[in-house]
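Remarks on the structure that follows.
Whatever order the structure lists them in is the order used to number ligands and atoms, beginning at 1.
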Amino acid sequence: MSDNIQKAWEIAVEQYGDLGIDPAKAIENLKKVPLSIHCWQGDDVGGFETADSVLSGGGIQVTGNYPGKARNAEELRADLDKVYSMIPGSHRLNLHAIYGDFGGRKVDRDEIEAGHFKEWMRWSSNNKIPLDFNGSFFSHPKADDGFTLSSKDKGIRDFWIEHARRVRLIAAEFGKNQGSPCIENVWIPDGMKDIPVDRMGYRKVLKDALDEVFSEELPAEFVKDAVETKLFGIGSEAFVVGSHEFYMGYAQSRGKLPCLDLGHFHPTELIADKISSTLLFNEELLLHVSRPMRWDSDHVVVLNDDIRFLTEELVRSGALDRIHIGLDFFDATLNRIGAWSTGARSTLKGLLFAMLEPTDILKAFEEEGDYYGRIALLERLKTMPVGAVWDYYCAQQGVPFEADIFSEVKIYEKEILGKRS
Ligand code: RNT
Ligand code: ZN
């Protein structure tokens with residue numbers, strides 16, 4: 001470790017020590033929090049169903065055509081190896097069903113099975129990176145009419161029920177393979193552009209379809225199901241079947257995990273405020289950490305106020321062991337390896353920042369009604385040397401410093417990404 005890093009660390013230890021905070025303990029706590037890193041930043045949510053898989057419809061939009069995206073599962077795994085080498089700590093991988101090793105054959109969504117994910121399971125065991133999983137209810141002709149699990153057309157609905165059923169079975173295989181639960185998430189794009197008449201009808205269909213999907217009991221030690229709420233999407237501005245209230249009710253009544261995505265609410269609505277309430281009424285919770293800009297735009301996560309407010313709430317809840325933190329952003333206008341690692345690192349920096357907070361002192365101010373004391377200390381914390389603690393952690397974990405991330409990404413771009421056509 002360089003002298004400068006060590007010196008800065010010692011000063012940080014002293015300064016945080018004045019507030020009764022031990023940065024070494026904060027680092028130990030941070031190490032215990034895995035992020036579920038999403039596979040889909042690597043290829044713009046394309047997947048490997050066919051050689052030229054591209055995303056279409058379904059309220060997800062990826063813009064940009066920065067060169068070097070992964071064209072197959074081997075390239076994606078190589079890129080992921082690079083990404084994990086730039087993130088301190090031990091993390092997970094969040095896969096989507098369209099990312100199987102399909103060997104160039106057409107395998108439809110209602111035909112996928114664990115065998116298509118053998119290579120991922122091998123990669124997972126070799127690298128000690130547990131897997132999470134998602135059904136893919138978009139980029140498919142049977143999703144083009146805007147409805148999947150909530151479709152009133154039984155043929156379409158049954159197709160997606162079969163997909164969802166298989167996704168759970170594959171997730172359970174992942175769980176068995178890794179000896180810990182795989183978090184399996186259901187997000188469907190279903191909704192309408194203009195104001196519907198039969199909101200109740202579609203929601204009733206979705207409720208019954210989900211009940212059918214989940215009717216098979218699978219061991220909780222292998223798989224835990226989550227359902228992702230959403231306010232609107234492109235083409236579903238007026239109505240999303242799986243709304244927040246729908247899935248909160250569904251998750252609570254069925255013992256499923258609600259999944260809250262930062263981009264799935266009104267633009268000024270913060271999910272930070274939802275954490276405590278959700279934890280009081282649900283055993284566990286899944287998050288999709290993203291950065292909406294005016295809409296569910298899935299920009300790369302940066303250390304902004306939304307992330308700080310969120311991570312503060314996560315840490316203050318004292319329930320990090322009940323919260324699964326997934327990342328969900330995809331930007332194709334910039335180097336994807338850089339996007340991935342910066343988004344993950346910024347999320348971790350938010351957590352570290354929150355772990356360096358003297359919450360007890362702040363709480364005491366609050367309870368005494370000394371609101372100036374509260375705001376003054378919160379402001380003081382903002383200019384304290386969190387960067388020195390972060391650098392020390394990066395050095396300890398053998399991952400690049402903030403100052404070196406850019407050149408590290410550029411080298412990979414030159415040597416690997418730049419050679420992809
Ligand atoms: C879409 C949801 C969903 C997807 C991924 C690819 O609005 O956020 O989680 O982003 O499943
Ligand atoms: Zn999401």
Side-chain angles (χ1 to χ4, degrees), residues 35-49 53-63 69-70 76 92-100 109 131-140 143 146 148-149 160 163-164 167 171 182-191 225-237 239-244 246-247 251 256-267 269 271 274 285-301 306-307 310 323-332 336 339-340 343 347:
L35 300 180
S36 188
I37 293 171
H38 56 316
C39 71
W40 51 93
Q41 166 63 68
D43 76 327
D44 318 337
V45 210
F48 305 127
E49 283 181 320
S53 290
V54 281
L55 185 75
S56 75
I60 300 188
Q61 286 276 308
V62 187
T63 44
K69 81 170 176 186
L76 191 68
R92 308 173 64 88
L93 176 71
N94 201 7
L95 272 182
H96 239 287
I98 48 179
Y99 284 81
R109 307 275 169 96
L131 301 174
D132 295 317
F133 205 38
N134 299 263
S136 309
F137 300 86
F138 47 78
S139 309
H140 191 282
T148 62
L149 287 177
W160 291 111
H163 175 63
V167 163
C182 164
I183 308 299
E184 180 269 327
N185 180 46
V186 176
W187 172 72
I188 59 167
D190 301 26
D225 306 297
V227 284
E228 183 171 357
T229 82
K230 188 160 180 168
L231 175 69
F232 79 98
I234 290 186
S236 60
E237 289 84 354
F239 174 55
V240 167
V241 187
S243 62
H244 188 60
F246 176 91
Y247 279 130
K256 303 296 177 195
L257 282 65
C259 171
L260 306 182
D261 182 311
L262 269 78
H264 289 195
F265 296 89
H266 289 283
E269 199 178 354
I271 74 166
K274 302 178 191 301
L285 161 66
L286 172 63
L287 296 173
H288 272 187
V289 181
S290 189
R291 177 162 56 105
M293 196 177 290
R294 315 206 190 282
W295 70 288
D296 183 28
S297 60
D298 296 291
H299 279 69
V300 178
V301 169
D306 290 2
I307 293 300
L310 171 66
I323 305 167
H324 305 271
I325 308 176
L327 305 181
D328 185 9
F329 52 82
F330 32 97
D331 187 343
R336 294 172 186 80
W340 241 330
T347 309

State the atoms of ligand 1, each with its element, that fall below the 4.0 Å cut-off from a heavy-atom position in Asp261. 8 (O)
Please report whether the ring centroid of His38 lies less than 6.0 Å from that of Phe330. no
Enumerate the atoms of ligand 1 whose separation from the nearest heavy atom of Lys230 is less than 4.0 angstrom. 1 (C), 7 (O)
I want to know if ligand 1 touches Asp328 in the polar sense, i.e. an N/O pair below 3.5 angstrom. yes
Plane angle bin for Phe137 and Trp160 - parallel if under 30°, tilted between 30 and 60°, otherwise perpendicular: tilted
Numbering the atoms of ligand 1 from 1, which are under 4.0 Å from a heavy atom of His264? 1 (C), 2 (C), 7 (O), 8 (O)
Phe265 side chain near His244 side chain, heavy-atom distance below 4.5 Å: yes
Between Asp43 and Arg336, is there a side-chain N and carboxylate O pair less than 4.0 Å apart? no
Going by distance only, is there an N or O of His288 that falls short of 3.5 Å from an N or O of ligand 1? yes
For residues Phe133 and Val167, determine if any side-chain heavy atom of one lies less than 4.5 Å from a side-chain heavy atom of the other. yes
Judged by modelled atom types alone, do Ser290 and Asp298 share a side-chain donor-acceptor pair under 3.5 Å? yes
Modelled atom types, side-chain donor and acceptor of Ser36 and Asp132, under 3.5 Å: yes
Listing by chain and number, which protein N, O or S atoms are under 2.8 Å from the Zn ion (ligand 2)? Glu228 OE2, Asp261 OD2, His288 ND1, Asp328 OD2
Heavy atoms only, cut-off 4.0 Å: how does Asp296 contact ligand 1, side chain, backbone, both, or neither? side chain
His96 vs Trp40 aromatic rings, parallel, tilted or perpendicular, using cut-offs 30° and 60°? perpendicular
Pair Asn185-His288, side chain to side chain contact (heavy atoms under 4.5 Å, CB included): steps then yes or no: CA-CA 10 Å; Asn185 180 46; His288 272 187; 3.5 Å; yes
Can you confirm, on distance only, whether ligand 1 has an N/O atom lying under 3.5 Å from any N/O atom belonging to His96? yes
Side chain, backbone, both or neither: which applies to Glu228 and ligand 1 if a contact is any heavy-atom pair less than 4.0 Å apart? side chain
Residues which pass side-chain contact (heavy atoms from CB on, under 4.5 Å) with Val240, listed by chain and number, not counting sequence neighbours: Lys230, Ser236
